[in-house]
Amino acid sequence: MAEKNINKLPLQGLLLVAGLLLFGGLAAQQNGSDPIRFAGDDNYPPFQWQQTETGQALGFVVDLEKAMVSQGGRSARHRLMDWPDALSGLRNGDVDVVAMFASPERGQDFLFTTPFYFVTHGIYGLEEREGIPELAALSGQRVALEDGGYAAAALLKQGIDVVPVIREDYRAALQAVINGEAEYALLPQPVSNRSISRESLPLQLLGPPLWPRPYVFAVSRQQPQLHAWLQQQLGLVVSSGHYYDIYAKWRQELEWNRPGYWEYYAGWMILGGALLGLLLLMIYAYSWRLRSVVRRLSWQLENARLRKSRAEKEMLHWEYHDRLTGLPTRPEFVSRVRAHLMRAERKGTAHVLMVAKLSEIDDFICSLGFNTGESLVSEVARRLKRKGFAALCYMGRGVFALLAQDKKALAEGLLDDQSIVFDGLELEPRFTIGLAQCPLRGADVAEILRQAETAMAFASRSGRSWMEYKQSMDPDPQNLFIIRDFRRNGREGLRVMLQPQVDLDSGKVVGAEVLVRWRHPELGELSPALFVPLLEQAGLVVTLTEFVLEEAVRLAAEFRRQGLPTCLSVNVSAVDLLETDLCAKVAWALASHGGLAEDLRLEMTETSMISEPERVSMVIDRLVAMGVTCSIDDFGMGYSSMSHLRQFAVSEVKIDRSFVYDMLSQEAHHAIVNAVIALCHELKLTVVAEGPEDWQTVRALQGLNCDRAQGYVFSRPVEVADFVSVRNQLFSFSVDQERA
């Protein structure tokens, strides 16, 4: 259902931000103090309705309106009424804002904000009725519809002739089906599903979701400043994360879906179809065998030969062509390019090979479904065919390859294609393009195609629209050998080093970060900056984390037995948090080595925490319940740092070294460090500064009341055997200490 895709619509988020940038200037002029008059349907839960006992306006849309008004510092009045009265009030100026479905017809009268939700319609009937495979099956049937609703206009537009049974609202339309006044009802799904569930109505959803419609705020075209103000506030509510808090509050009611006819019987239908198909196949095979034995006449043999010939031609064609787009596949493309370049070689014509990927194809599929994604790819292929390339192919997953001459103009031309409209949704596909020059003589097409794909990958990672291949883009083969050897040798050659953390009040070493090192059997000592990212990309970082975690617990237990209790910090990745049972591994390590949870601290980067914040928060809560301290590492380098301080049960924040090491020469970095320390202390969090390299920086951190520091000014990472002497050292931060 379309409403379940609310968390998978980056396109919607981009539109909101674009709207914010476009209308921000206009919105700045909207400084009126008059209350904004919001109106809507008084019986449209869970979006909006009026509570009978108190007369209070409730619902998802009402909460969103309140958040926008609060964000913008304005006041508002919420008036809920019959839906036709709300539309009439917006037209004649009695109200300012109404939430509604966007449509071209309504767009002639109103200005729309960026959509904040998508709603689909559904076909409802009594529980004993059979499913409706398509909308056309309603022709000639009595169908209950809302007065002034979208469904009536959509049926008329699609030319589906039904007997309309008009009711004042969706609840009355559902009751018309129960009373036998109509066979079916065609209504918005969220509100209908909610009533069916809460009131235990004897109704069910009989068909697939229809007409995904954007839900927007509408204002009169005579109020462009109010429209700009609404657009800005909606963008701010989304970008601040408050929108998702509101959505989470209403999510259970918005996403409710009672199993319908298709879900209930789909498994049995598939099984029955498979058995029937198998039976038919056996009957056909037996019949064919009898005919082949009995009828051995020459005309049958000739007919069989002709059929076989046609089938072979068709199979041969589809072996080298894609069924979705009809374009050649990769092997056929390489062959055609090779032949074309041989002809161009005689004429001295230069060519360029391009690999172009639809940048947002995965988002389109996740948001709108595979059918829409395939339709989009098919339409893009049709448009590319019209451009008359020397050779063109489709390589799957939204990736096209083409041979052309003018590289720059052609690349920009691909990006400027017109938008594509599906079911009322206007999509603007964009390409990420990689280019590779074809030599005039001795062209290796497979190698040129690889170069173009490499350039495309670089363009995608750097956020560029297109890039031309350079030899420096080629990956280092040595990296592949490093990954191979780690798979073969596992933990062989791994060891840990410790870098102390110093308390800036007492000067004592109170902790240390456990850092991994690897001595490769052939390449020698490898930098963690080289092999750790490679292992993360190859999915091998879990093995590395397990080794460091066990070593940290073992060393912490040993230090405690020596009377030197020390909290050791271990870095964990997003893979460790989301794809492994990290809590079980920590518990096993503590039990195996007799360690204490209070001697272990797990450091997580912001980027690893924001991938799936709800799941990460659950893991952190379990770790904290075990007694393990959790810390945010590299703070300030992520995307929404401040929200993490209240969302996750962390007790420590490490300020990234990029802000600390030059804070004395960069005023902006000094201000950032100061602000982070003050904010964290307000939240009762410990602050660790990473990267101080001189005593002046240490004293500046002391002046800002920073709790701890970790950097080369105290000690570089040391071997485990040398850590005890560093652990017992006392730092005074005096001028004498600096000279020493």
Side-chain angles (χ1 to χ4, degrees), residues 310-344 349 351-365 368-422 427-438 443-457 459-460 465-469:
R310 286 194 297 269
E312 288 176 347
K313 289 181 180 179
E314 183 177 357
M315 291 176 61
L316 185 62
H317 173 80
W318 290 119
E319 182 179 357
Y320 297 103
H321 291 79
D322 175 66
R323 290 185 177 271
L324 175 61
T325 62
L327 295 176
T329 56
R330 186 187 188 111
E332 177 67 10
F333 174 76
V334 171
S335 177
R336 293 187 182 187
V337 170
R338 185 179 293 113
H340 186 87
L341 292 181
M342 290 179 65
R343 294 191 296 269
T349 305
H351 284 77
V352 63
L353 194 148
M354 296 186 184
V355 173
K357 180 177 181 179
L358 287 169
S359 304
E360 299 172 342
I361 184 63
D362 293 332
D363 294 336
F364 286 137
I365 291 175
L368 305 176
F370 277 99
N371 290 338
T372 302
E374 290 182 346
S375 299
L376 176 64
V377 170
S378 181
E379 175 61 20
V380 170
R382 186 181 66 82
R383 295 188 180 190
L384 291 177
K385 289 178 185 177
R386 294 203 306 261
K387 292 182 177 290
F389 296 116
L392 176 66
C393 85
Y394 181 63
M395 298 193 293
R397 204 60 183 180
V399 179
F400 296 85
L402 51 97
L403 183 68
Q405 294 182 1
D406 186 355
K407 62 180 181 181
K408 183 174 181 180
L410 187 55
E412 295 175 350
L414 289 178
L415 298 173
D416 292 338
D417 261 341
Q418 297 179 353
S419 60
I420 299 174
V421 178
F422 289 110
L427 307 178
E428 295 184 357
R430 289 290 180 265
F431 289 100
T432 300
I433 302 172
L435 307 97
Q437 292 286 349
C438 300
D444 183 347
V445 178
E447 173 61 18
I448 299 172
L449 185 59
R450 182 199 66 79
Q451 294 173 358
E453 290 181 283
T454 300
M456 182 197 70
S460 178
S465 298
W466 63 278
M467 292 184 69
E468 187 171 356
Y469 168 80

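Worth saying up front: this structure is predicted, and the values here are computed from it rather than measured.
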Check each of M354, R336, K385 against L392 using the side-chain contact (heavy atoms from CB on, under 4.5 Å) test, and report the only one that passes.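 The residue from M354, R336, K385 that satisfies side-chain contact (heavy atoms from CB on, under 4.5 Å) with L392 turns out to be K385.
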Distance (rounded to the nearest 0.5 Å) between [X] [atom1] and [Y] [atom2]:
X	Y	atom1	atom2	answer
E379	R382	CD	CZ	4.0 Å
F431	L384	CZ	CG	5.0 Å
I448	H351	CD1	NE2	11.5 Å
S375	L324	OG	CG	8.5 Å
T329	H321	OG1	NE2	7.5 Å
E374	T325	CD	OG1	11.0 Å

Taking all heavy atoms of A452 and all of A436, pick out the closest pair and write down the distance.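 Closest approach of A452 to A436, heavy atoms only: N-CB, 3.8 Å.
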Of all the heavy-atom pairs spanning R397 and K357, show the shortest one and how long it is. O-CE, 4.0 Å
Would you check if F333 and L353 make a side-chain contact, meaning some heavy-atom pair closer than 4.5 Å?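 A side-chain contact under 4.5 Å exists here.
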Does L403 reach the side chain of C438, with side-chain heavy atoms less than 4.5 Å apart?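 Contact flag for L403/C438 side chains = yes.
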Parallel under 30°, tilted from 30 to 60°, perpendicular over 60°: which one fits the rings of F400 and Y394? tilted
Would you kindly say whether Q437 and E468 are connected by a side-chain donor-acceptor distance under 3.5 Å? yes
